[in-house]
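Remarks on the structure that follows.
Excluded from the calculations below are hydrogen atoms, water molecules and symmetry mates; all remaining heavy atoms, backbone and side chain alike, are included. A note on names: the letters A, B, ... follow the listed sequences, proteins ahead of strands, and every chain is numbered from 1. Predicted, not measured: the structure shown is a model, and the values here were computed from it.
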Amino acid sequence: MRSSILRLHYTLFEEYGDLGWWPADGPFEVAVGAILTQNTSWNNVETAIESLKSEGALCPSRIAAMNMTELESLVRPSGFFRQKARYLKQLASHIEREYSGDITAMSSLPMERVRAELLSLRGVGPETADTIMLYALRMPSFVVDAYTVRLLRRLGICDGDSHASIKAAFEEALDRDIAKLANAHAMIVDHCKSVCRPTPRCVLCPLREMCSEAEKQEERVSD
DNA sequence: ACCCAGGCGTTCT
DNA sequence: AGAACGCATGGG
């Protein structure tokens, strides 16, 4: 899988270059965005983040102290607003209580410890935890999302492989380099949003070569 | 009038 | 362990 990942990374980088993810003002805003974007388009998340900002509410202390109804109304545009308000509240309280409101304090702890701690919070699953680690704490933890799995399957790079093994393969192939891991996920998401749709149009796709090779391989198998 | 979006938790088989 | 379902808004 290693050489396929390297080729994918190289080809995507040739097309997209450095995308400079995650778009946010600071580490805590990254974490908030990671929760708000769960199964939700980024456009809706931006609206919610803007409304939080306009209230000066984008910090752990303010969110931890805010009343639930107000928080719900601020994050409403991002959908699932009752759950997400609860999740943000819990995250903010945790950061406030354990790290005096400074989320970056977590980055000096071992990765496994940080991941387990994030996963223990309601509303923080594998993808959200890895997103916070990679883009807020700048730790080399690759983010495997639905896009990644769909793309890798289509390219025949993975088949039934678990998220965990895909994650590990990227981290090894990209040498645990934070900038590379961060940009790799960004390129995959960006690519899948615009080009590699559920029903693909491969004519101008930078990955069309890899894609057609995978299709040929598929035909051989089904013979 | 659909369909989908940068998931997660709960509740089943 | 893995599938099915609810959660909710806004844009194509």
Side-chain angles (χ1 to χ4, degrees), chain A residues 8-9 12 16 18-25 27-52 54 68-94 115-139 141-154 158-167 170 178 180-201 207:
Chain A
L8 172 65
H9 179 249
L12 286 174
Y16 299 106
D18 192 343
L19 295 173
W21 268 30
W22 184 289
D25 268 354
F28 184 69
E29 187 177 321
V30 173
V32 169
I35 286 178
L36 293 183
T37 198
Q38 288 168 4
N39 202 42
T40 300
S41 60
W42 183 250
N43 211 19
N44 291 8
V45 176
E46 279 185 320
T47 312
I49 286 185
E50 279 314 307
S51 65
L52 285 168
S54 71
M68 270 312 273
T69 316
E70 185 186 357
L71 186 55
E72 284 177 359
S73 75
L74 291 175
V75 301
R76 181 167 208 137
S78 74
F80 307 128
F81 60 91
R82 292 186 192 87
Q83 327 185 34
K84 284 176 180 175
R86 272 208 314 275
Y87 298 161
L88 290 183
K89 190 91 173 164
Q90 196 199 345
L91 173 71
S93 308
H94 184 84
R115 193 162 195 272
E117 191 170 321
L118 289 171
L119 287 175
S120 76
L121 300 172
R122 295 289 228 187
V124 179
E127 184 182 335
T128 308
D130 292 330
T131 300
I132 293 173
M133 289 176 73
L134 184 57
Y135 295 105
L137 305 177
R138 307 310 290 188
M139 297 172 112
S141 184
F142 187 70
V143 181
V144 177
D145 60 2
Y147 284 151
T148 311
V149 174
R150 189 176 81 202
L151 183 62
L152 263 55
R153 290 210 173 164
R154 188 166 292 168
C158 77
D159 189 13
D161 306 70
S162 67
H163 283 222
S165 67
I166 295 173
K167 171 176 161 61
F170 267 89
I178 293 161
K180 284 184 193 166
L181 291 168
N183 199 47
H185 174 67
M187 292 191 296
I188 289 171
V189 172
D190 225 37
H191 176 75
C192 288
K193 280 209 281 205
S194 57
V195 182
C196 195
R197 311 295 304 160
T199 1
R201 298 163 178 268
L207 301 177

P gap between dA8(C) and dT10(B), integer Å: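 The answer is 14 Å between these two P atoms.
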Which nucleotide sits closest to the side chain of [X]: [options]?
X: Phe81(A); options: dG9(B), dA8(C), dG10(C); result: dA8(C)
X: Glu127(A); options: dT10(B), dA8(C), dC8(B); result: dC8(B)
X: Pro126(A); options: dG10(C), dG7(B), dC8(B); result: dC8(B)
X: Gln38(A); options: dT10(B), dG7(B), dA5(B); result: dG7(B)
X: Arg82(A); options: dA5(B), dG7(B), dA8(C); result: dA8(C)

Counting only side-chain N and O atoms of Arg76(A), is one of them less than 4.0 Å from OP1 or OP2 of dC7(C)?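 Negative; the distance criterion is not met.
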Measuring to OP1 and OP2 of dT9(C), would you say a side-chain N or O of Ser41(A) lies under 4.0 angstrom away? no
Would you say [X] and [Y] make side-chain contact, with heavy atoms under 4.5 Å?
X: Asp130(A); Y: Val144(A); answer: no
X: Leu8(A); Y: Leu152(A); answer: yes
X: Asn43(A); Y: Glu46(A); answer: yes
X: Thr37(A); Y: Trp42(A); answer: yes

Taking [atom1] from [X] and [atom2] from [N], how many angstroms apart are they, rounded to a whole number?
X: Trp42(A); N: dG7(B); atom1: CH2; atom2: P; value: 12 Å
X: Arg86(A); N: dT10(B); atom1: CZ; atom2: P; value: 9 Å
X: Glu72(A); N: dA8(C); atom1: CD; atom2: C1'; value: 12 Å
X: Lys193(A); N: dC4(B); atom1: NZ; atom2: P; value: 17 Å
X: His163(A); N: dG7(B); atom1: NE2; atom2: P; value: 10 Å
X: Ile35(A); N: dG7(B); atom1: CD1; atom2: C1'; value: 11 Å
X: Asp161(A); N: dG2(C); atom1: CG; atom2: P; value: 13 Å
X: Tyr147(A); N: dA5(B); atom1: OH; atom2: C1'; value: 6 Å

Of His185(A) and Leu121(A), whose closest DNA chain B nucleotide lies nearer the 5' terminus?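 That would be His185(A).
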Arg122(A) or Thr37(A), whichever maps to the more 5' nucleotide of DNA chain B: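 Comparing both residues, the 5'-ward one is Thr37(A).
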Hey, which of these two, Asn39(A) or Asn43(A), hits DNA chain C nearer its 5' end, going by closest nucleotide?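 Upstream on the strand: Asn39(A).
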Using a heavy-atom cut-off of 4.0 Å across all strands, would you classify [X] as base, sugar-phosphate, or nothing?
X: Ser78(A); value: nothing
X: Gln83(A); value: base
X: Val143(A); value: nothing
X: Leu36(A); value: nothing
X: Lys84(A); value: nothing

His163(A) and Glu127(A): side-chain donor and acceptor closer than 3.5 Å?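 No, Glu127(A) and His163(A) have no side-chain donor paired with an acceptor closer than 3.5 Å.
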Determine the interplanar angle of the His185(A) and Phe142(A) rings, folded into 0 to 90°, and report it as parallel if under 30°, tilted if 30 to 60°, perpendicular if over 60°. perpendicular
